[in-house]
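Along the sequence shown, the residues carry numbers beginning at 1. As the structure is a prediction and not an experimental result, all values here were calculated from the model.
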Amino acid sequence: MKSIFSYLLFISLIIFTASCSDIKNDIVSDQEVSVHKSGIEDPASPNFHSQIFATINWDLNECKQCHGANYAGGVTGKGCNTCHTQPAGPEACNTCHGDFADPNMISPPNDLSGNSVTTAKGVGAHAIHLYDAAIAPTVLCFDCHIVVTGSEGFVALHTDGSPAEVELTGSAVSTISEPNYSYANLTCQNTYCHGNFEFLKSESTNSWIYTADKMTGSNYSPIWNVVDGTQAACGTCHGSIDSSGTLVTALPDGHSGSGAITGCVSCHPGVVDATGKIVDATKHINGMKNVFGN
């Protein structure tokens, strides 16, 4: 009896050992699970996460569901703030447009499609207005766009799949007619900053300057993506230029004087020099009459 029991125990051990060996050989290592395609963190990959943002109209609330409200990792444990180091994290302005490496450059170039040429409508004259203005004070984002704060506003108003909402305010506002932007023609129209202005003789303390009841600008309509300097030349917004772009006179209609640009310094010495060059951009296109050194 004892020998039979020993035999059965021996057989059981062999079967158990074989089973353990089979199970051990079938064990596989843990696999990383991802809802994203490979290349999600590779800027050179078509699967880079910026491409995902574009398909969902940059609705970062979807990212927060997994990566946390503060993008620190959430349920995934994978945070976004290692690369997105600005206080707003992935919601910083230069994440989607501007210079990702420079938090002070928050507008195009580059635009949402990566364009940097000014002929691209997403780029256009952004830089000359916000950073490189030489003849007028620089403008701010909210002078031309509806700007909101907070992630809910960011999603609802700023990233709705339409062209960037343009609502001209600030230096664009005229007392004559409401400024507007044409999405079809890419033109700014009826803006004070491009000559839609009038100064009434009856309201002036220097009525001798006037040759008519009022002094008016040229109400020029610049094309947004033409950035070659011609649309900011003297004579476009006030005075006149000929068909070749040569300055005829820098004087607004109704303004006395010979019309020579070198004569502007006589009354506007704080604005221009003897050659007609703007020397103080803050005193030009600022909504005020800067005369006699003021």
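- Between the CG atom in L60 and the SG atom in C80 there is a gap of 9.0 Å [rounded to 0.5 Å].
- Between the side chain of N81 and the main chain of N70, a donor-acceptor pair closer than 3.5 Å is present.
- In terms of heavy-atom proximity, Q231 sits nearest to P222 at OE1-CA, 3.3 Å.
- Under the 4.5 Å side-chain heavy-atom criterion for ILVMFWY residues, no single connected hydrophobic cluster contains both V123 and L112.
- Contact of the F292 side chain with the P269 side chain is not registered, since no non-hydrogen atoms from C-beta on lie closer than 4.5 Å.
- To the nearest 0.5 Å, atoms NE2 (H268) and CG (N290) are separated by 8.5 Å.
- K121 NZ: 12 or fewer foreign heavy atoms inside a 6.0 Å radius.
- Under the 4.5 Å side-chain heavy-atom criterion for Ile, Leu, Val, Met, Phe, Trp and Tyr, V173 and F197 are members of distinct hydrophobic clusters.
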- Item | N206 vs S204, side chain to side chain donor-acceptor pair (under 3.5 Å): CA-CA, chis, key distance, verdict | CA-CA 5 Å; N206 299 296; S204 175; 4.7 Å; no

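- W208 and V291 fall within a single hydrophobic cluster, where Ile, Leu, Val, Met, Phe, Trp and Tyr are joined by side-chain heavy atoms under 4.5 Å apart, directly or via other members.
- At least one side-chain heavy atom of T249 sits under 4.5 Å from a side-chain heavy atom of L251.
- Remark: the backbone N or O of M105 is not paired with any side-chain donor or acceptor of N94 at under 3.5 angstrom.
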- Message: Walk me through whether L200 and D213 qualify under side chain to side chain contact (heavy atoms under 4.5 Å, CB included).
- Response: CA-CA 6 Å; L200 301 179; D213 291 337; over 6 Å; no

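- Between the side chain of E62 and the backbone N or O of I56, no donor-acceptor pair lies under 3.5 Å.
- In this structure, K64 and A69 approach most closely via the heavy-atom pair CE-O, 3.7 Å.
- The shortest non-hydrogen separation linking Y192 to S171 is CD2-O, 3.2 Å.
- In terms of modelled atom types and a separation under 3.5 Å, the side chain of H129 and the main chain of V139 share no donor-acceptor contact.
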- Output, in order, the C-alpha distance, side-chain angles, deciding distance and verdict of side chain to side chain contact (heavy atoms under 4.5 Å, CB included) for N190 and L168. CA-CA 10 Å; N190 301 325; L168 300 176; over 6 Å; no

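- Within the 3.5 Å criterion, the main-chain N or O of D143 finds a donor-acceptor partner in the side chain of T169.
- Closest of all the heavy-atom pairs between L130 and C141 is CD2-SG, 4.0 Å.
- The neighbour count for E178 CD, taken as heavy atoms of other residues, nucleotides or ligands under 6.0 Å away, does not exceed 12.
- At least one donor-acceptor pair closer than 3.5 Å links the side chain of D273 to the backbone N or O of T275.
- For K78 and E41, the salt-bridge test passes: some basic side-chain N is under 4.0 Å from an acidic carboxylate O.
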- Task: May I have the step-by-step check of side chain to side chain contact (heavy atoms under 4.5 Å, CB included) for N180 and Q189, ending in yes or no?
- Result: CA-CA 5 Å; N180 64 84; Q189 301 165 106; 2.8 Å; yes

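- Residues T216 and F199 are not in side-chain contact: their nearest non-hydrogen atoms beyond the backbone lie 4.5 Å or more apart.
- Nearest heavy-atom pair across H97 and S107 is ND1-CA, 4.0 Å.
- For the pair T138 (side chain) and A133 (backbone), a donor-acceptor distance under 3.5 Å is absent.
- Atom OG1 of T76 and atom CD of Q65 lie 12.5 Å apart (nearest 0.5 Å).
- Not a single donor-acceptor pair under 3.5 Å links the side chain of S218 to the backbone N or O of Y220.
- Residue V265 is grouped with residue I278 when hydrophobic side chains (ILVMFWY) are merged at heavy-atom distances under 4.5 angstrom, including chains of intermediate members.
- M215 and I285 fall within a single hydrophobic cluster, where Ile, Leu, Val, Met, Phe, Trp and Tyr side chains are chained together by heavy-atom contacts under 4.5 Å.
- Residues forming a side-chain hydrogen bond (donor to acceptor under 3.5 Å, both in side chains) with N115 (at least two apart in sequence, or on another chain): D111.
- Taking both residues in full, the closest heavy atoms of A127 and P109 are given as CB-CD, 4.2 Å, listed atom of the first, atom of the second, then distance.
- From W224, atom CH2 reaches atom OG of S182 across 14.0 Å, with rounding to the nearest 0.5 Å.
- Here the side chain of H145 pairs a donor or acceptor atom with the backbone of E165 at under 3.5 angstrom.
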Would you be so kind as to tabulate the donor-acceptor pairs closer than 3.5 Å made by side chains of residues 255-264, with sequence neighbours excluded?
{"from": "S256", "atom 1": "OG", "to": "I209", "atom 2": "O", "distance (Å)": "2.8"}
{"from": "S258", "atom 1": "OG", "to": "A260", "atom 2": "N", "distance (Å)": "3.4"}

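- Looking only at distances, no side-chain donor or acceptor of Y71 sits under 3.5 Å from a matching main-chain atom of E91.
- In this structure, T191 OG1 and I176 CD1 are separated by 10.5 Å, a value rounded to the nearest 0.5 Å.
- In summary, the side chains of S177 and N196 do present a donor paired with an acceptor at a separation below 3.5 Å, with no hydrogens or angles considered.
- Ring pair F100/H84: centre-to-centre distance below 6.0 Å.
- Separation of atoms CD1 (I135) and NE2 (H284) is listed at 6.0 Å; rounding is to 0.5 Å.
- Using a 4.5 Å cut-off on side-chain heavy atoms (C-beta onward), I223 and C188 make no contact.
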- Message: Test side chain to side chain contact (heavy atoms under 4.5 Å, CB included) on V166 and Y183; report intermediate values, then the result.
- Response: CA-CA 9 Å; V166 178; Y183 292 95; 3.8 Å; yes

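- Here the side chains of V271 and K283 are in contact, with some heavy-atom distance below 4.5 Å.
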